[in-house]
Number of protein chains: 2
Amino acid sequence: MRDRSGVTISEVAAAAGVSRQTVSNVLNAPDRVAPATAERVRRAIDELGYLPNRAARNLRERTSRCIGFKIAPPSGLNNLLDRFLHALAESAGGVGYHLLLFSASTVDEELAAYAELIGTGTVDGFVLADIDTADERLDWCAERGIPCVSFGRPTVPGPCSWVDVDGGDGLAQSVDHLVARGHHRIAYLGWPEGPRVGDERRAGWRAAMRRHGLATEGLSGASAEDPAEVAAVARRLVRQPDPPTAFACGSDTFAVAARQAVGADSAGRPRVEVVGYDDSPSAALMTPPLSSVRQPLDQVAYHVVDLLVRQFRAPGGPPEGVMLRPELVARERPGQNPR
Amino acid sequence: MRDRSGVTISEVAAAAGVSRQTVSNVLNAPDRVAPATAERVRRAIDELGYLPNRAARNLRERTSRCIGFKIAPPSGLNNLLDRFLHALAESAGGVGYHLLLFSASTVDEELAAYAELIGTGTVDGFVLADIDTADERLDWCAERGIPCVSFGRPTVPGPCSWVDVDGGDGLAQSVDHLVARGHHRIAYLGWPEGPRVGDERRAGWRAAMRRHGLATEGLSGASAEDPAEVAAVARRLVRQPDPPTAFACGSDTFAVAARQAVGADSAGRPRVEVVGYDDSPSAALMTPPLSSVRQPLDQVAYHVVDLLVRQFRAPGGPPEGVMLRPELVARERPGQNPR
DNA sequence: TTGTAGGCGTTATCAT
DNA sequence: ATGATAACGCCTACAA
């Protein structure tokens, strides 16, 4: 019951009239101690408010029970970060780990931080996000045998375990949803073909359209994730003959910008139907609310932590990957088809 | 240079032909060791890639060099969290601390987590955010002598140090800005009078209006931070005789909802001018972009960490408060006054 | 079932 | 200026 713990295992042992070892056993190997003794020790623990010292335990067990995560300077709408961090903290806590946050502005700084955190034993491994096409951080960690799991995967299979969400599946769901609401001319709006996540989503859109027997000619829009550029592309798309009546988008930013650019009819309803991606908080708050593909970040975090902890226990295993399905959150009211 | 540190101070000492203590001194009290010896030791440190073990150091120094932060389940648009967390991680890193994130769903869970983290010596203190009118967490920490600093302050001065941003000042800036752009009928849109941050902002609006000699009668709008409710209030305000031509808002959510509710003229320009609060990422991405009051989170984080570290060094001091000024980010183009 | 001994890696104290 | 000794609090062997 004393404040600001300074209660040690020895004090508990003294209070219970046993040796330190017995107290330790009560906590770590309860089966090796007589029920009566255990009870007595437990009472002493409660009364003294004993909590095992983390540093001592870490020192002894050569572990930190901490998982490191680099938090990048906020840029644009980092929509997923809050959700992901919370999910991560929760998953980690569930298996007795904590999340240790640190910042780094450049990749070199980041790698230096990794080296120090591992070298000092401050963390046991890392979670990486915002994975690039061929992310050097993954190889860097792998070369040094540093446990790490990434949210997102490099285009070329890398040396590290990963968890990812199938963007192609997400866009298939967007297309299916729009088709079910009567659309045939469905355009895609997303990043230009190239390095990042966008490709998978665009390919998913194309495949789903083909599956439905729908044409994609002239319906593939690409721009930077900037409202003005998105607007220009969206307007160009709807001005062509046989224009799209709906947009499936690579992110909510594209969706919001497209909807604004194309405008609304006299009743204030959007002239095209739009589906976003990432289900950012603002999606639900728009009028009318925006349907959007939601990534299952709780599951992502669960698997990330699971893979990481498994590496802690059995280092040197082969990299594993976990692919998860996103889920479209439909928010249109039934009768509201703009066609 | 070996991988996965296991290099200890003893190995460095052996390599340099000195005692462990001398190595320690080279790192922690360089003035107590001869330059030549120091140089030799430093070379050994570099060559072996020695990094002092954190757990051992923590054990010895009865410190963790970690600051705890509870991350709440994401709700609504938790706009500031990414920015704040990054700023916090950066500030903490700057003074040799790390940020330790954990989750808790209820206040009881949160307090239990605090007790355990402090009791086990996993963290040295806490940063608290989302402070309530009379936040029991503050008293709880104070009673136990647990170092903590809050971002935001309770309405009644509490027992803990805090850093806050002057919301009244922010709204004064909003009003000044709108007045400078020719508005005289400026309404406020924010939370109902009562428990939270809103009050200060509403009072700031009222005071600024008075200072400009402008009436506030019938211009004070209140609702929950929900688009539909905001829309209703905004519409009601603009339908009255001598309606407002501008809204100064308590958050970007109010601003976005108000702008959408009141609509745009035939040229697509908003019918009222709106200023938000918090400068959420989407503010800059809207069309036209939204002016918004921005909280200086880097400074907030700096002071939070500073106050906390000061408590670590000299426990038991009186609580201190730091009040910071926000800054309006003006985004209207000069000629675009909707009046 | 319980107790004793030793060491995890570091730093503070004290002696040389 | 440097080194020996002890201790931080815990846990794993081993001994009783």
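Here is the naming used below: chain letters follow the sequence lines, and residue numbers restart at 1 for every chain. Reckoned from all heavy atoms, side chains included, excluding hydrogens, waters and symmetry mates.
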Using ring pair (Phe, Tyr, Trp, His ring centres under 6.0 Å) as the criterion, list what pairs up with Y114(A), not counting sequence neighbours.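 Partners of Y114(A) under the ring pair (Phe, Tyr, Trp, His ring centres under 6.0 Å) test: F102(A), F126(A).
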
Who pairs with A29(A) by side chain to side chain contact (heavy atoms under 4.5 Å, CB included), at least two apart in sequence or on another chain?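 By the side chain to side chain contact (heavy atoms under 4.5 Å, CB included) rule, A29(A) matches N25(A), D31(A), R32(A).
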
Any residue meeting side chain to side chain contact (heavy atoms under 4.5 Å, CB included) with E39(B), in chain and number order, not counting sequence neighbours: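 In terms of side chain to side chain contact (heavy atoms under 4.5 Å, CB included), with neighbours along the sequence ignored, E39(B) is linked to R42(B), R43(B).
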
Contact boundaries of DNA chain D with chain B (under 4.0 Å, heavy atoms), 5' to 3'?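 The protein-touched segment is dA1(D) to dG9(D).
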
Looking only at side-chain N and O atoms, does S19(A) come under 4.0 Å of OP1 or OP2 in dT4(C)?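 So the side chain of S19(A) is outside the cut-off, no N or O lying under 4.0 Å from OP1 or OP2 of dT4(C).
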
Going by the rule side chain to side chain donor-acceptor pair (under 3.5 Å), which residues pair with S64(A) if we only count those two or more places apart in sequence or in a different chain?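 So S64(A) forms a side chain to side chain donor-acceptor pair (under 3.5 Å) with D124(A).
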
Residues which pass side chain to side chain donor-acceptor pair (under 3.5 Å) with R83(B), listed by chain and number, not counting sequence neighbours: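 Expected list: none.
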
Reading 5' to 3' through nucleotides 8-16 of chain C, protein heavy-atom contacts under 4.0 Å coded B for base, S for sugar-phosphate only, - for none: BBBBBB---

Per the side chain to side chain contact (heavy atoms under 4.5 Å, CB included) rule, which among V149(B), L308(B), L138(B) passes with S161(B)?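 Exactly one candidate clears the test, V149(B).
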
Can you list every pair that meets ring-ring contact (aromatic ring centres under 6.0 Å, His included) and has a residue in residues 128-162 of chain B, with sequence neighbours left out?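 ring-ring contact (aromatic ring centres under 6.0 Å, His included) check on residues 128-162 of chain B returns F84(B)-F151(B).
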
State which residues pass salt bridge (Lys or Arg N to Asp or Glu O under 4.0 Å) with R62(A); sequence neighbours excluded, sorted by chain then number.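 Expected list: none.
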
By salt bridge (Lys or Arg N to Asp or Glu O under 4.0 Å), which residues pair with E109(B), not counting sequence neighbours?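 Residues passing salt bridge (Lys or Arg N to Asp or Glu O under 4.0 Å) with E109(B): none at all.
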
Which pairs with one or both residues in residues 93-107 of chain B pass side-chain hydrogen bond (donor to acceptor under 3.5 Å, both in side chains), sequence neighbours excluded?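 Those involving residues 93-107 of chain B are E90(A)-S103(B).
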
Bend angle of the helix from dT1(C)-dA16(D) to dT16(C)-dA1(D), from helix axes over five pairs at each end, nearest 10°: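 Its terminal axes enclose an angle near 40°.
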
